[in-house]
Asker: 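Have a look at the structure that comes next, please.
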Amino acid sequence: MAALVIGFFIFAGLYADILWYDQLGFLNVLTTEWIARVVLFLIGFVGMAVPVWLSIQIAYRTRPVYAKLNSQLDRYQEVFEPLRRLAMYGIPAVLGIFGGVSAASRWQTTLLWLNGTSFGTEDPQFGFDVGFYVFDLPFYRGLVGFASAVVLLSILLVAATNYLYGAIRISGREVVISKSARIQLAITAGIYLLLQAVSIWFDQYATLTESNDLMTGASYADVYATIPGRGILAGIALVVAVLFFITAIIGRWRLPLVGTALLIISSLIIGSLYPWVIQRFQVDPSAKSLEAPFIERNIDLTREAYGVADVEEIPYEAQTDAERGALREDAETTANIRLMDPALISDAFAQLEQFRQYYQFPDVLDVDRYQIDGTTQDAVVAVRDLRLAGLGDAQNWVNSHIVYTHGYGVVAAAGNQRSVDGQPVFIQSGIPTIGDLDVEEPRVYFGENSPEYSIVGAPEGANPVELDYPAGGDNGTQTQTTFEGDGGPSLNGIFNKLIYALKFQSEQIFLSDNVNDESQILYDRDPLTRIEKVAPYLTLDSDPYPSVVDGRIVWIVDGYTKTDAYPYSTKLSMSQAISDSQQIAPTFALDDVNYIRNSVKATVDAYDGTVTLYAWDADEPILQAWQNIFPSTVVPMEEMSGDLMSHVRYPSDLFKLQRSILGRYHVTDPGSFFSRDDAWTTPDEPTAPTGSDLLQPPYYLTMQMPGQDDPTYSLYSTFIPESGDQDSRNVLKGYLAVDADAGSEDGQPSEGYGTLRLLTLPSGDLVPGPGQVQNQFNGDPSISAQLNILRQGSSDVINGNLLTVPVGGGLLYVQPVYVRSTGETSYPLLQKVLVAFGDQIAFQDTLDEALDVLFGGESGASAGDSGVDGSTGDTGDTGDTGDTGDTGDTGDTGDTGDTGDSGTSTGDPATDAELQALLRQAQQALEDKQQALAEGDWAAYGLADAELASTIASMLALLNE
């Protein structure tokens, strides 16, 4: 009965998996994996159990019948004899299970060997295609290792059986071995030595992926000592194996024992001592010249493996003096500088857009871009996801799994705008959702924080029971809905209900009246989990992000194919390489990689959970192999809609790996690489606590790099000298950016997508790095005085992300500064902007003002944060940003619009004079309002706000005359 119960629980889990994969359309992925695992388990079981069983049987059946045993062995036999039959079958069976499990765990390696393709690149040492190292060599070495384990266990069990039954006896100083035992042991040992010869031979090729202190790949000592030495050792092992076979015939052990001793001594001398001597006495004194050809191999193949071979290196004579009007040609870039920090404004989203305690936003928001009125707008976005913990005492089974089933809506704020009091300016907000993003289906059944499982669906005409969204007021009625998609396995019939009641250990699934034949059960709802299950061969980017695509909310996830077996390519720990202030790596992650491609773009529909895998790099060899294994699971990139193409971006994790590699491998001269005289590293996060050692993350920005004709959605990072270099100061040495915009809404891929540009600063330039700028900002007396004012009224000052933008012939630093009161419901408000160019800094209320201070009032920039915005907060539409010299439009509900720069001109001198006076009046009202906010004087805040609104209204009336 116990076996039946356990068996049914196992069956329930397996059958639930079948239902889940079948509903999603990826059943062939599950069945292919299961078949591969079962077949390999059987092969591994038979491959381990049968040889072991045969070895024991042969040893037992050829035992001496009249062997003279000592009293101790007699007692052993008496104890063992009742268990002999069980042991002779049980030991091989148990070992066979271990062998089967070991073989089944290597199903991916085996399938890749069977379906591997060519890379079209040969290694420079042996001339093999890279596919041999990626697809073939891991399988061959694993196979030899498995066979060696089988033979070694057989030898041990044969020796034990023969000793137990007297075929091997110790008589004084002599070891007496019967003829049958000698033949069996000698042949088995010979087979083991043959396998070791093959293993040592394969070890020659493994030197191309082994790492040393200098690099990954075969160095001078490896090529001229280790590789030849392993070839010689393989030959010696082969000879010793032959000697064992001879011993099985002639019965003399001296030759194979001498040969074994010779093999051991040779392995120490040829395998270890000789390479050390070559390295110590020949290579080390002339390492720079001798290692140069091998370093060049490492540089070339590392850059190729990480996709940085074609990086455009651009010498950049960065200016450090801000000149009047220097930003005129970069007006579009400065206007798109993102002031809303996605790592800080989650609380603002929560206070302004959460509405109910059972909703939530992630701690770090995402960055995307949208076409609004023909203009690309960078945006900070987040999904309003479900939070069942917010139900408190109402968190019972019905509410947790039947009523509260989904989140609602996407919330987006303009990245370069703020309201007058520092709030985000929402371009999509509210419940029901309104804004500029044209969301037709706002419900989020599949999100990063969705419940473990929800049961949805009901018969036609039945009263909806799912909460759709709350009413606007606290006492209003709630809107109910019923899920109408195909998002999970059906619960029709008693059997399916029982299966899922067992899977989730809940009898309510089986007993509840709310579960009917039209019900579906939604689970495994996190986008990463769904993609990992249907594409187990992909490594997924750590930052899935939501986008509104064709009226629906979808999660976009980048998938990588990778390996650590690319010859001569330097290995990195992927988790360590992507770790920064926004992504903390696990402590003991074994995820080395030395080749990676963003071969797949995946999407998960937030409403029905549909997973679509697009072949972004269809020619990538590893992806081609997996497509042979799982046919028809990846669709061509051409099937992407234009709207989806416009939201696909260059992945951040891949970029982090590439910047980590380029810190050293921007140097292509072997001599300079060996000396490490120009090694770079990523700066530490300047706003992190001292000693945290967290790297500054890369940032998405719309900007125009040198060599580009127009601004492009990009991802960038900076470099400073590596610690320990001759110039270890925190000065900028390089600036890396990649075109991250994959395509446009017409479905045409961007020709420049993925183009890496590396600005290299001359060694004599002293452009301050992020750490220096932050220290300068923190230590400036005038800025400290202003910060002390902002801290009045028990408020905290928070530094936002420190952005670096190549404009004005130099590098401009921009950092938003937020103020947050200490109340429980407080959230950061953008109040100030720091700008630095060279050694000059400015600290003003708006980006426009700060740029004007640095560049003499002729910056030519028109950043969207200047003036008063027309946002109405939770449900109001945002007003338009005022261009240079124009006044902004008002929001839909009558709030004030943006004020333009003081350069406004109507052509009438009298009107211009009056308008200038109103602008100064508005500026004063704005300053009074911000001062009142900092001091917590809400009465003064209200008066200043009313004065500001009245002034803006007068300006608009004057312009409309």
Side-chain angles (χ1 to χ4, degrees), residues 121-128 130 132-133 137 141 196-240 259-305 564-572 592 594-595 661 663-679 722-726:
T121 301
E122 294 183 352
D123 81 84
Q125 179 63 33
F126 298 103
F128 292 144
V130 171
F132 168 77
Y133 298 92
L137 187 59
R141 297 186 78 192
Q196 296 315 298
V198 176
S199 178
I200 295 171
W201 184 263
F202 282 144
D203 287 345
Q204 296 180 94
Y205 309 126
T207 57
L208 270 62
T209 58
E210 293 173 352
S211 299
N212 52 51
D213 293 339
L214 179 62
M215 63 183 188
T216 296
S219 62
Y220 182 94
D222 291 326
V223 170
Y224 292 102
T226 302
I227 291 176
R230 288 177 178 177
I232 294 172
L233 288 175
I236 295 174
L238 179 62
V239 171
V240 175
T260 301
L262 175 64
L263 177 61
I264 295 174
I265 295 172
S266 298
S267 65
L268 294 175
I269 296 176
I270 300 176
S272 299
L273 181 60
Y274 180 60
W276 179 83
V277 170
I278 293 295
Q279 180 68 39
R280 183 73 176 85
F281 297 102
Q282 183 175 351
V283 176
D284 287 350
S286 306
K288 190 172 184 179
S289 59
L290 292 180
E291 298 285 17
F294 308 102
I295 293 175
E296 187 173 6
R297 294 178 179 181
N298 173 250
I299 292 174
D300 292 342
L301 291 177
T302 296
R303 288 168 64 95
E304 176 65 29
D564 63 350
Y566 199 96
Y568 272 106
S569 177
T570 292
K571 294 182 180 180
L572 294 177
D592 283 350
N594 69 354
Y595 166 90
I661 284 296
R664 288 192 63 193
Y665 286 87
H666 69 280
V667 177
T668 56
D669 175 67
S672 179
F673 183 92
F674 178 86
S675 302
R676 296 189 69 137
D677 55 8
D678 194 23
E722 188 175 74
S723 178
D725 286 354
Q726 59 183 0

Asker: Run the side-chain donor-acceptor check on residues 227-237: report pairs under 3.5 Å with partners two or more places apart or on a different chain.
Answerer:
{"unit_1": "Arg230", "atom_1": "NH1", "unit_2": "Asp203", "atom_2": "O", "d": "2.6"}

Asker: Go through the steps for Phe294 and Tyr568 under the test ring pair (Phe, Tyr, Trp, His ring centres under 6.0 Å), then give the verdict.
Answerer: CA-CA 9 Å; Phe294 308 102; Tyr568 272 106; 7.4 Å; no

Asker: Between the main-chain N or O of Asp669 and the side-chain N or O of Ser672, is there a donor-acceptor pair closer than 3.5 Å?
Answerer: no

Asker: Using atom types as modelled, flag every donor-acceptor pair under 3.5 Å from a side chain in residues 269-277 to any protein atom, sequence neighbours excluded.
Answerer:
none

Asker: Okay, side chain of Asn594, backbone of Ser569: is any donor-acceptor separation there less than 3.5 Å?
Answerer: yes

Asker: Do Pro124 and Asp300 come within less than 4.5 Å of each other through their side chains, counting heavy atoms only?
Answerer: no

Asker: Ignoring hydrogens and angles, tell me if any N or O in the side chain of Thr302 forms a donor-acceptor pair with the backbone of Ile299 under 3.5 Å.
Answerer: no

Asker: Counting only N and O atoms by type, is there a donor-acceptor contact under 3.5 Å from the side chain of Ser675 to the main-chain atoms of Gly671?
Answerer: yes

Asker: Look only at the side chain of His666 and the backbone of Ile661, and say whether a donor-acceptor pair between them is shorter than 3.5 Å.
Answerer: no

Asker: Against Tyr220, only a single residue in Leu290, Ile295, Leu214 fulfils side chain to side chain contact (heavy atoms under 4.5 Å, CB included); can you say which?
Answerer: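 Checked Leu290, Ile295, Leu214 against Tyr220; only one passes side chain to side chain contact (heavy atoms under 4.5 Å, CB included): Leu290.
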
Asker: Return yes if some donor-acceptor pair links the side-chain N/O of Gln282 with the main-chain N/O of Gln279 below 3.5 Å, else return no.
Answerer: no

Asker: Consider side-chain hydrogen bond (donor to acceptor under 3.5 Å, both in side chains). Of Tyr133, Tyr566, Tyr205, which one does Asp123 pass it with?
Answerer: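 Single pass found, and it is Tyr133.
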
Asker: Would a distance-only check, ignoring hydrogens and angles, find a side-chain to backbone donor-acceptor pair under 3.5 Å from Asp592 to Lys571?
Answerer: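 The answer is no, because no donor-acceptor pair under 3.5 Å joins these two groups.
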
Asker: Run the side chain to side chain contact (heavy atoms under 4.5 Å, CB included) check on Gln204 and Thr226 step by step: do they pass?
Answerer: CA-CA 8 Å; Gln204 296 180 94; Thr226 302; over 6 Å; no

Asker: Measuring from atom CG of Asp222 to atom CD1 of Ile278, what distance do you get when rounded to the nearest 0.5 angstrom?
Answerer: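 Output value for this atom pair is 11.5 Å.
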
Asker: Restricting to non-hydrogen atoms, name the atom on Pro670 and the atom on Glu296 that form the minimum distance, rounded to 0.1 Å.
Answerer: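 Result for this residue pair: CG-CB, 4.0 Å.
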
Asker: How about Thr216 and Ser211: does a side-chain donor come under 3.5 Å of a side-chain acceptor?
Answerer: yes

Asker: How close do Ala218 and Val223 get, counting heavy atoms only, and between which atoms?
Answerer: CB-CG2, 3.9 Å

Asker: Can Arg297 and Gln125 be said to form a side chain to side chain contact (heavy atoms under 4.5 Å, CB included), step by step?
Answerer: CA-CA 9 Å; Arg297 294 178 179 181; Gln125 179 63 33; 2.9 Å; yes

Asker: Starting from the C-alpha separation in whole Å, work towards a yes-or-no answer on ring pair (Phe, Tyr, Trp, His ring centres under 6.0 Å) for Tyr665 and Phe673.
Answerer: CA-CA 8 Å; Tyr665 286 87; Phe673 183 92; 4.9 Å; yes

Asker: Among pairs that include at least one residue of residues 271-291, which meet salt bridge (Lys or Arg N to Asp or Glu O under 4.0 Å), considering only residues two or more places apart or in two chains?
Answerer: none

